[in-house]
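Here's the structure we're looking at; comments come further down.
Numbering starts at 1 and runs along the sequence shown. Remember, predicted model here, so these are calculated numbers, not experimental data.
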Amino acid sequence: MDQYIFPCEPVANEESVVKGPQYRFTIINDKVLRYEWAEDGVFEDRASTFAINRKFPKPEFRVRDNGEDELSIITPSLHLTYNKKRFSLNGLGATFTAKMTDWGAEWRYGEEPGEGNLGGTARTLDGADGRCDMGAGIISKDGYSALDDSDSMLFDGNGFVTPRRPGDRIDGYLFCYGYDYQGAMESFYAVSGRQPIVPRWCLGNWWSRYHAYTQDEYLALMDKFQENEIPMSVAVVDMDWHWVKERHVPHTGWTGYTWNTDFFPDPVKFANALHERGLKMTLNDHPHAGIAHHEDAYEEMAKVLGHDTRHGDPIPFDPTSPEFLHAFFNIVHRQLEHQGCDFWWIDWQQGSHSRTPGFDPLWLLNHFQFLDTKQVHGNDSYPIIFSRYGGPGSHRYPVGFSGDTFATWASLEFQPEFTATASNIGYGWWSHDIGGHLPGYRDDECTARWVQLGAFSPILRLHSSLSRWMSKEPWLYRDECMQAMKRALQERHRFIPYIFSCNAATSCSTSSSSSSSSSACPLPLVQPMYWKYPQRPEAYRFQNQYFFGPSLVVAPVVTPRDDSTRLAQTKAWVPPFRHVDLYTRTVYDGDREVSLYRSLENIPVLAPEGAIIPSDRQKVLKNGCRNPTALQVIVVVGRDGQFDILEDVRDDDQERAGPSLAATVTETKDAGDNDKIRSSNGSALRTIPVKFDQAAGQLTARSAGKSWTFRFVSAQIEASNIQVRIDGNLVSSTLSSASPFNIVVEVPAVQVGGAMSEITIDIGANPQLAVLDHTPALHDLVNDFQTDIRNKDRIWEIIESKQPTAVKVSRLLSLGLDEIFYGPIVELLLADSRA
């Protein structure tokens with residue numbers, strides 16, 4: 001099992017340890033302290049499923065010990081006191097220096113997480129119609145949290161796992177961070193390992209359905225997506241790819257490893273056809289029933305494992321056996337991988353128990369399948385699996401499958417909060433059943449809103465049940481919902497330059513090695529608002545609102561629209577500084593609570609001043625998410641901004657890849673070890689920096705081999721003053737305006753010289769966001785209201801009056817209309833106080 005050894009440094013720095021005969025404390029860093037009790041005095045230095053790194057430079061601390069029954073450890077963050085007996089509520093506690101409350105904060109060993117804990121995540125959403133218990137995470141409004149690691153599996157250092165030693169043992173970690181929530185997660189990742197980079201192709205649209213497709217039907221469906229100009233990246237083949245209910249199958253059928261040749265007469269041809277279409281293929285695997293006698297791999301597995309085949313008895317699935325797992329991966333899975341399976345959907349639903357107490361089968365599958373996939377693909381791709389959450393540390397094995405989601409508005413309403421809250425336990429790559437699975441109901445509007453949420457989620461995977469009434473092909477839905485779904489799926493692929501850059505930057509910015517000093521942290525793509533604004537009560541109230549990378553705030557629509565206005569309402573908090581909605585172009589004052597009203601066309605996606613957001617501008621969006629030859633960069637003026645576009649050169653189209661594209665390279669670290677990310681030709685991540693200087697009104701980008709479009713959204717700019725230079729030389733460019741104050745500058749690739757060419761665009765010193773005239777938008781709103789004409793007249797008279805905005809709002813409120821009529825108007829009237 002040597003090939004399953006992974007880099008970790010679980011033995012702590014001795015200088016950071018305070019211990020006695022039965023206790024040991026390890027001061028990991030300024031935010032984390034490990035506490036251990038061992039009745040026999042034997043402490044644990046092996047890596048656990050949660051903690052794989054404990055060796056860090058000695059932090060600042062001091063110890064007071066009276067030699068008898070009182071021990072104190074004092075750090076800049078905490079004061080721990082201990083009576084030198086078995087840990088108890090009375091004997092072990094800590095106070096903290098963070099000023100979270102007027103009365104101070106105190107932790108005592110064994111106490112349950114308080115109401116301040118902001119939650120973690122759940123193993124699955126199976127059976128949850130709406131909210132479910134998300135457990136406890138690392139982040140708490142109390143400024144501290146404790147994680148009990150006493151019962152987790154251990155890694156034996158030789159490539160496998162081992163149970164904990166018997167006896168009375170306690171192993172826990174105390175996090176103390178005050179309001180520094182992001183710092184808490186930095187420490188969490190430092191101890192538990194960081195999130196791996198996921199491959200670019202997994203960030204596109206996935207197709208999944210529990211349905212017995214034939215290979216011709218599946219390929220025809222993929223072609224129909226292309227005909228409808230909807231790009232895809234992953235083809236999920238659910239359970240019916242193998243024999244399931246046929247007479248020769250000796251069990252219930254969920255488990256299977258032999259292609260159903262009635263449906264897939266030529267699996268290799270099928271896989272090749274998917275690959276030729278730019279798609280990756282994953283197969284569903286329910287491994288619990290083992291290897292039955294009808295499977296193609298049965299005889300070879302039996303020979304390797306010494307299994308008696310005389311009676312055709314199945315080979316039991318035993319993830320606690322290294323011999324079985326090694327054979328399972330290298331015979332059963334390898335045969336199917338050679339036939340075209342790119343990665344595995346581990347659909348484990350059989351609980352957390354195995355023949356060895358403390359060994360969770362899901363954990364074993366996730367860990368070893370991820371390492372096996374990494375070993376098989378080597379440097380050719382970043383490895384991923386597709387499986388359920390197994391507990392703290394699961395973030396090392398992306399991506400997550402959240403289970404069979406109910407197809408209801410209640411489920412949709414909970415998913416944004418569920419996804420964001422998972423980041424509190426470091427789990428950043430959830431993939432949900434977009435649109436819902438079963439049970440539930442058909443609601444085209446709900447499905448469209450779900451797909452819009454999916455476009456701004458970690459993974460967008462369309463999924464549906466066996467029912468003929470629930471399939472998620474957009475063209476099966478009412479026209480306006482179909483158009484909304486189609487736009488969202490296209491937008492997802494448009495934003496992949498932004499999403500992959502966030503993925504690569506956050507995953508490679510810090511090393512899990514103990515020798516690394518403090519640096520940028522591997523934080524999830526989706527983050528709760530309170531991570532950045534922990535002292536603002538508004539950041540906690542709007543639980544469905546979240547950051548999507550560093551430059552976007554998303555407030556999904558998760559409730560039905562009103563029939564009279566065809567608008568849905570979502571409540572949000574606009575963080576400090578002005579923000580622009582990327583779709584409506586509306587400019588909002590920062591630091592305010594608002595009610596946002598949206599038609600079915602879009603959801604609120606807000607970008608702050610200084611935001612730089614790259615997107616794919618290729619006319620035809622292809623399957624597979626290759627690096628685009630044409631980029632659009634959205635720029636929100638008002639503050640300085642910078643964004644590094646990251647691309648893996650292995651994702652270049654072969655017909656266009658060349659020396660000029662690979663010349664600007666950033667070396668980085670792979671997610672699970674210290675090897676540099678390199679393909680067989682020595683390439684790595686390419687960095688394309690884009691920077692905006694607010695005072696000078698100057699944007700710079702440094703790259704080659706692409707055509708560029710720069711869109712200054714809702715900006716007050718005189719187009720005639722714009723100047724474009726390449727390497728300092730003034731060049732001609734194409735200027736256009738899709739709408740007032742939406743200036744587009746196009747720089748063709750032919751004008752860009754060598755690999756290090758610099759594009760400079762001057763738009764005038766200190767540009768500002770425009771004060772927009774919302775009269776046309778207000779007219780369209782009122783025109784579409786399904787209400788009494790006299791109400792429309794009264795509303796319009798108020799809008800057209802020359803009275804101050806406050807008076808207009810007061811008069812609108814006095815009309816006695818339902819909020820759905822005056823709310824959208826008030827939103828626009830009060831959006832920008834400069835108006």
Side-chain angles (χ1 to χ4, degrees), residues 196-205 226 231-234 272 274-281 342-343 377-384 490 492-505 507-508 613-633 643-671 675-690 701-709 726 747-759:
I197 300 175
V198 299
R200 189 182 186 96
W201 49 259
C202 87
L203 300 174
N205 299 319
Q226 285 191 302
M232 305 299 291
S233 67
V234 174
N272 288 340
L274 289 175
H275 294 153
E276 289 166 1
R277 287 163 171 79
L279 303 168
K280 299 291 185 179
M281 180 178 74
D342 296 294
F343 68 103
H377 290 285
N379 286 330
D380 293 334
S381 176
Y382 305 112
I384 67 167
Q490 291 173 335
R492 174 64 181 201
H493 274 239
R494 293 274 182 216
F495 277 106
I496 284 176
Y498 173 76
I499 299 170
F500 180 80
S501 296
C502 296
N503 154 52
S507 295
C508 71
I613 305 142
S615 63
D616 189 330
R617 196 183 60 84
Q618 295 179 114
K619 186 174 182 181
V620 177
L621 291 169
K622 299 179 180 179
N623 290 343
C625 314
R626 309 295 286 184
N627 290 329
T629 56
L631 282 170
Q632 174 177 257
V633 178
F643 190 90
D644 286 344
I645 303 170
L646 297 179
E647 296 179 338
D648 191 316
V649 298
R650 293 170 293 184
D651 293 321
D652 288 339
D653 284 335
Q654 293 302 312
E655 62 269 20
R656 72 178 182 84
S660 64
L661 280 176
T664 307
V665 165
T666 294
E667 291 184 349
T668 185
K669 306 284 186 181
D670 198 357
D675 296 332
K676 293 173 182 176
I677 299 173
R678 296 184 182 276
S679 68
S680 57
N681 64 2
S683 59
L685 288 179
R686 174 171 57 241
T687 300
I688 306 173
V690 182
R702 198 167 180 81
S703 181
K706 300 178 186 289
S707 62
W708 290 80
T709 295
I726 304 295
V747 183
V750 69
Q751 298 218 1
V752 181
M756 299 301 290
S757 294
E758 184 172 83
I759 304 169

Completion exercise
Smallest heavy-atom separation, Glu647 atom then Ile688 atom, equals OE1-CD1, 3.9 Å
Exercise for the section: Quick one: pull up CG in Asn272 and CE in Met281 and give me the separation to the nearest 0.5 Å. Expected result: 9.0 Å
Fill in the blank from the handout: So NZ of Lys622 and CD of Gln226: to nearest 0.5 Å the spacing works out to 10.5 Å
Problem - Gln490 and Pro231, any side-chain heavy atoms less than 4.5 Å apart - result: yes
Handout entry: side chain to side chain contact (heavy atoms under 4.5 Å, CB included) evaluation trace for Leu646 with Thr687
Key = CA-CA 5 Å; Leu646 297 179; Thr687 300; 3.3 Å; yes
Problem - Under the side chain to side chain donor-acceptor pair (under 3.5 Å) test, residues paired with His275 that sit two or more places apart - result: Asp342
Exercise for the section: Determine, step by step, whether Leu279 and Val234 satisfy the side chain to side chain contact (heavy atoms under 4.5 Å, CB included) criterion, reporting the C-alpha distance in whole Å, the side-chain angles of both residues, the deciding distance to 0.1 Å, and the verdict. Expected result: CA-CA 5 Å; Leu279 303 168; Val234 174; over 6 Å; no
Handout entry: Which residues share a side chain to side chain donor-acceptor pair (under 3.5 Å) with Arg200, sequence neighbours left out
Key = Asn627
Problem - Any side-chain heavy-atom pair of Pro628 and Gln618 under 4.5 Å - result: yes
Exercise for the section: Could you tell me how the ring of Trp201 sits relative to the ring of Phe343: parallel (under 30°), tilted (30 to 60°) or perpendicular (over 60°)? Expected result: tilted
Exercise for the section: Indicate the atoms forming the closest heavy-atom contact of Arg650 with Ser381, along with that distance. Expected result: NH1-N, 3.9 Å
Practice task
Working to the nearest 0.5 Å, report the span between CZ of Arg686 and CD1 of Ile645.
Solution key: 10.5 Å
Handout entry: Closest non-hydrogen atom pair between Pro497 and Ser615, with its separation
Key = CG-C, 3.8 Å
Practice task
With sequence neighbours excluded, tell me which residues meet side chain to side chain contact (heavy atoms under 4.5 Å, CB included) with Thr709.
Solution key: Arg617, Gln632, Val744, Glu746
Practice task
Output, in order, the C-alpha distance, side-chain angles, deciding distance and verdict of side chain to side chain contact (heavy atoms under 4.5 Å, CB included) for Ile613 and Phe495.
Solution key: CA-CA 8 Å; Ile613 305 142; Phe495 277 106; 3.6 Å; yes
Problem - For Arg494, all residues meeting side chain to side chain contact (heavy atoms under 4.5 Å, CB included), sequence neighbours excluded - result: Glu491, Asp616, Leu621
Handout entry: Any donor-acceptor pair under 3.5 Å from Ser233 side chain to Asn623 backbone
Key = no
Practice task
Output, in order, the C-alpha distance, side-chain angles, deciding distance and verdict of side chain to side chain contact (heavy atoms under 4.5 Å, CB included) for Asp648 and Tyr382.
Solution key: CA-CA 10 Å; Asp648 191 316; Tyr382 305 112; 2.7 Å; yes
Problem - Nearest atoms (heavy-atom pairs only) where Asn503 meets Pro196 - result: OD1-O, 4.2 Å
Handout entry: By ring-ring contact (aromatic ring centres under 6.0 Å, His included) - contacts of Phe500 (at least two apart)
Key = none
